[in-house]
Amino acid sequence: MRKRRNIFFALSLAVVMLVTVIPQIGKIYGEQETASYHVTYAFANQNAGSAYGKITVTTAEPGTYSLYWGDSEGEKLTYNGVEYSELGTCVTTTDNLTATYQVPSPYTAIPEGAEELLVYNAKSQVVVSYDIPTAKQFNAGTLSYKFGLMSDVHYNRYADYSDDDAVPAFDNALKFMNNQGIDFVGLTGDLSANGEKTAYTKFNAAIRKYPNMTVYTCMGNHDDRNVSDFKKLINAKAKTDSSVKQISDNGLDFIYEKSGDIFIFLSQTRWDYYTDRSYILETSQLNWLEKNLNTYAGKNVYLFFHTYFASENGNVTTAVGNLINPGGYTYDLTYRFGCADEKRFRSLLNKYPNVTMFSGHSHWAYDQQKYNSNLNIGNIKSNGTGATLVHLSSVSAPRTIELNSDTRDENNGVRSEGTVALKYKNCTVYMGVDFMNGKYLAYATYVNADGQKGTPIPAIKTGKTKITSIGKIKKVSKKSKKYKVKIKYKKLKNAYKYQIKYSTGKKFKASKTKTRTSKKTSYMLKKLKNKTTYYVKVRAYRIQFGYRVYGEWSKVKKIKINKKIIKK
């Protein structure tokens, strides 16, 4: 049984810590009071950096009170000069001056530098604060590097071509990333409305403004209407980038390395959401992915793919990346649960806990986690032992929906969101960004421990085949002018099939050579010409990660067809 991932915020921690004295850290977890105001923080666990728990606020006056992280000076927390938004709000009434805020996700982080929880009233005054115990403060060590995450730019989709809302949105997002000192940004696709070339040229014009920033993306379902231009125009830098370790045969999927960590970009190449077949990936792509996930089993792997997965039980409304509101509205274009490519892809995410997969597609704004606490981050497996899944909102149109509405708001030109990721030695922090207002989103800031790493399975070996006999040369039929001969070869342990090549040339040039495969340890060469010499060789192969792994060729055997033709 695989050892369970050691995460900061395991859901299985059963005991909620209430007002309790903790002798080993010398702090009281609980109530702090100012005049008629007081605040209680009941943490759900003792893990450093985990904000998960329940905050209770009692106020002297009814109203809406906002919760913010504070620094050592009692000021609102900032990161690299950028302020954090509120963590949440509590609303008290005349009838009930006590209200609670449940931190929605077990992944929610107490950001680095946060030493207090500040409670603000509607007049932007701090009415009470809570000292975060030292043992609960974030302490993951020195930052290794940071990178940016975005999705669903959708040039040409919102407003008209001359007033494209995605143009200022993406420009502003890139400017924010650049100002934060980020030199690598990854996207999960959908640059376009319908794969139009103008969308791709707009994207390239935007990223060219920041020559010191590397921006790569996979292809989304809207982009796959024009694969040829995507392949030609997008990710062109990858062809000469020394940090790109591999580009697949399809020219779309590739691997980028940063500080020893692996970033895999896997493009969605089909849009078959409504069909029974529902394939959105080619088998060859999954072969390529499986082979590379094995190769990098001992490293941190970040995987970019456009469409999210349903929950483990097939429920798409509770998935990371989707929701259902009280009115019953949910997003309908989902990766069909149980189709062949989905099953295989899911099995890989179940198998490799060192993987974190980023997806977009649904556009849901980060604050929509009020409908699904699992919306923005979770795990492919309910017990937390598989790959981590992270939802990315849209940079041009983060969607929202009212409580009982069945119509979503696109919010193009009004909202713009993405994520900044901070990589530490043993964990990654994901900070949601409100690009419009230039803020980090405290309620969408999460910490995820690195998943358990594995050991790559070594490449299999197939061995050398030996041709054991060549049978008698016979006519294909009485009236035929062609001949046949059966060859036999030694059975090779664990061989899947055998490949037979025969040629009229010693060098086995393609124009003179035929290639056949067989599961049997014999093969009948047919339609051989008289007065002709043939050369034959055999090798076995096995299958690993969907690829053929060939053994060594047998020695070449010569077969000479030299039969007398009897004239009647």
Side-chain angles (χ1 to χ4, degrees), residues 148-178 184-211 213-239 247 250-254 256 265-273 280-281 304-308 331 333 358-365 392-399 408 410-419 435-436:
L149 296 165
M150 286 187 261
S151 189
D152 294 271
V153 180
H154 280 302
Y155 284 114
N156 305 331
R157 185 175 185 183
Y158 300 103
D160 59 34
Y161 275 57
S162 61
D163 188 23
D164 186 351
D165 287 330
V167 172
F170 191 50
D171 284 349
N172 186 51
L174 288 174
K175 182 179 179 181
F176 181 94
M177 296 292 185
N178 185 65
F184 171 63
V185 177
L187 290 89
T188 63
D190 270 8
L191 309 183
S192 62
N194 288 292
E196 59 282 349
K197 187 175 180 179
T198 56
Y200 302 154
T201 56
K202 285 179 181 181
F203 179 81
N204 283 335
I207 66 176
R208 273 197 297 268
K209 296 174 185 176
Y210 302 96
M213 183 189 295
T214 296
V215 182
Y216 287 138
T217 182
C218 61
M219 189 165 65
N221 62 299
H222 281 259
D223 304 322
D224 67 17
R225 287 96 182 270
N226 186 356
V227 177
S228 59
D229 276 339
F230 186 97
K231 192 183 297 187
K232 186 187 305 179
L233 298 172
I234 303 300
N235 300 323
K237 182 180 177 180
K239 297 172 184 176
I247 299 176
N250 69 8
L252 294 168
D253 307 324
F254 63 99
Y256 174 83
F265 290 82
L266 183 69
S267 281
Q268 182 171 327
T269 51
R270 296 175 178 175
W271 186 0
D272 285 344
Y273 293 115
I280 61 178
L281 277 175
F304 292 79
F305 183 71
H306 184 65
T307 301
Y308 58 88
Y331 190 65
L333 295 180
F358 306 118
S359 63
H361 188 48
S362 63
H363 292 217
W364 291 123
L392 300 178
S393 180
S394 171
V395 73
S396 67
R399 290 167 176 156
R408 67 185 184 230
E410 298 297 300
N411 296 300
N412 51 297
V414 179
R415 286 193 178 204
S416 176
E417 294 181 343
T419 293
F435 291 122
M436 282 289 190

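Just so you know, residue 1 is the first one in the sequence shown, and it goes up from there.
Here the closest heavy-atom approach between residue Asp163 and residue Asp160 is recorded as N-OD1, 2.8 Å. Across all non-hydrogen atoms, the minimal contact from His222 to Ala193 is ND1-O, 2.6 Å. For His154 against Ala166, the heavy-atom pair with the smallest separation is O-CB, 3.8 Å. Closest approach of Ala206 to Tyr155, counting heavy atoms only: CB-OH, 3.7 Å.
Note that CG of Asn221 is 7.0 Å distant from CG of Leu333, once rounded to the nearest 0.5 Å. With rounding to the nearest 0.5 Å, the separation of NZ in Lys197 from NZ in Lys232 is 5.5 Å. For the atom pair CZ of Arg270 and CE of Met219, the computed distance is 11.5 Å after rounding to the nearest 0.5 Å. The structure places CG of Asp224 at 10.0 Å from CZ of Phe230, a figure rounded to the nearest 0.5 Å.
If you run ring pair (Phe, Tyr, Trp, His ring centres under 6.0 Å) between Tyr216 and each of Phe358, Phe254, Phe304, only Phe254 comes through.
A 4.5 Å side-chain heavy-atom check between Leu149 and Val185 finds every atom pair outside the cut-off. Contact annotation: the side chain of Val227 never approaches that of Thr269 to less than 4.5 Å [non-hydrogen atoms, C-beta and beyond]. With contacts defined as side-chain heavy-atom distances shorter than 4.5 Å, the pair Val395/Ser416 qualifies. Using a 4.5 Å cut-off on side-chain heavy atoms (C-beta onward), Leu174 and Met150 make contact. Contact check for Ile207 versus Phe170: side-chain heavy atoms found under the 4.5 Å cut-off. The side-chain heavy atoms of Leu252 and Lys231, taken from C-beta on, include a pair separated by under 4.5 Å. The closest side-chain heavy-atom distance from Phe305 to Leu281 is below 4.5 Å. Side-chain contact between Asp223 and Tyr200 is present, with heavy atoms from C-beta onward closer than 4.5 Å.
At least one donor-acceptor pair under 3.5 Å links the side chain of Arg399 to the backbone N or O of Ser362. Judged by distance alone, the side chain of Ser394 and the main-chain N or O of Asp152 form a donor-acceptor pair under 3.5 Å. Looking only at distances, no side-chain donor or acceptor of Asn235 sits under 3.5 Å from a matching main-chain atom of Ala238. Counting only distance, with no hydrogens or angles, the side chain of Lys202 and the backbone of Leu191 share no donor-acceptor pair below 3.5 Å. With hydrogens and angles ignored, the 3.5 Å screen pairs no side-chain donor or acceptor of Asp164 with any backbone N or O of Arg157.
Under a cut-off of 6.0 angstrom, the local environment of NZ in Lys237 is crowded, with over 12 non-hydrogen atoms contributed by other residues, nucleotides or ligands.
Tyr256 and Thr214 share no side-chain donor-acceptor pair at under 3.5 Å. Looking only at atom types and distance, the side chain of Asp165 has no donor-acceptor partner in the side chain of Ser396 under 3.5 Å away.
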- Query: Yes or no on side chain to side chain contact (heavy atoms under 4.5 Å, CB included) for Asn204 and Ile234, after CA distance, side-chain angles and deciding distance?
  - Reply: CA-CA 7 Å; Asn204 283 335; Ile234 303 300; 4.1 Å; yes

- Message: Could you walk me through whether Ser192 and Asp190 satisfy the side-chain hydrogen bond (donor to acceptor under 3.5 Å, both in side chains) test, starting with their C-alpha distance in whole Å, then the side-chain angles of each, then the deciding distance to 0.1 Å, before giving a yes or no?
- Response: CA-CA 5 Å; Ser192 62; Asp190 270 8; 5.9 Å; no

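Applying the side chain to side chain donor-acceptor pair (under 3.5 Å) test to every pair with at least one member in residues 167-178, sequence neighbours left out, gives these pairs: Asp171-Lys209.
Note on ring orientation: taking the six-membered ring where Trp is involved, the planes of Phe176 and Phe435 are perpendicular (angle over 60°, cut-offs 30° and 60°).
Taking the centre of each ring, His361 and Tyr331 come in below the 6.0 Å mark.
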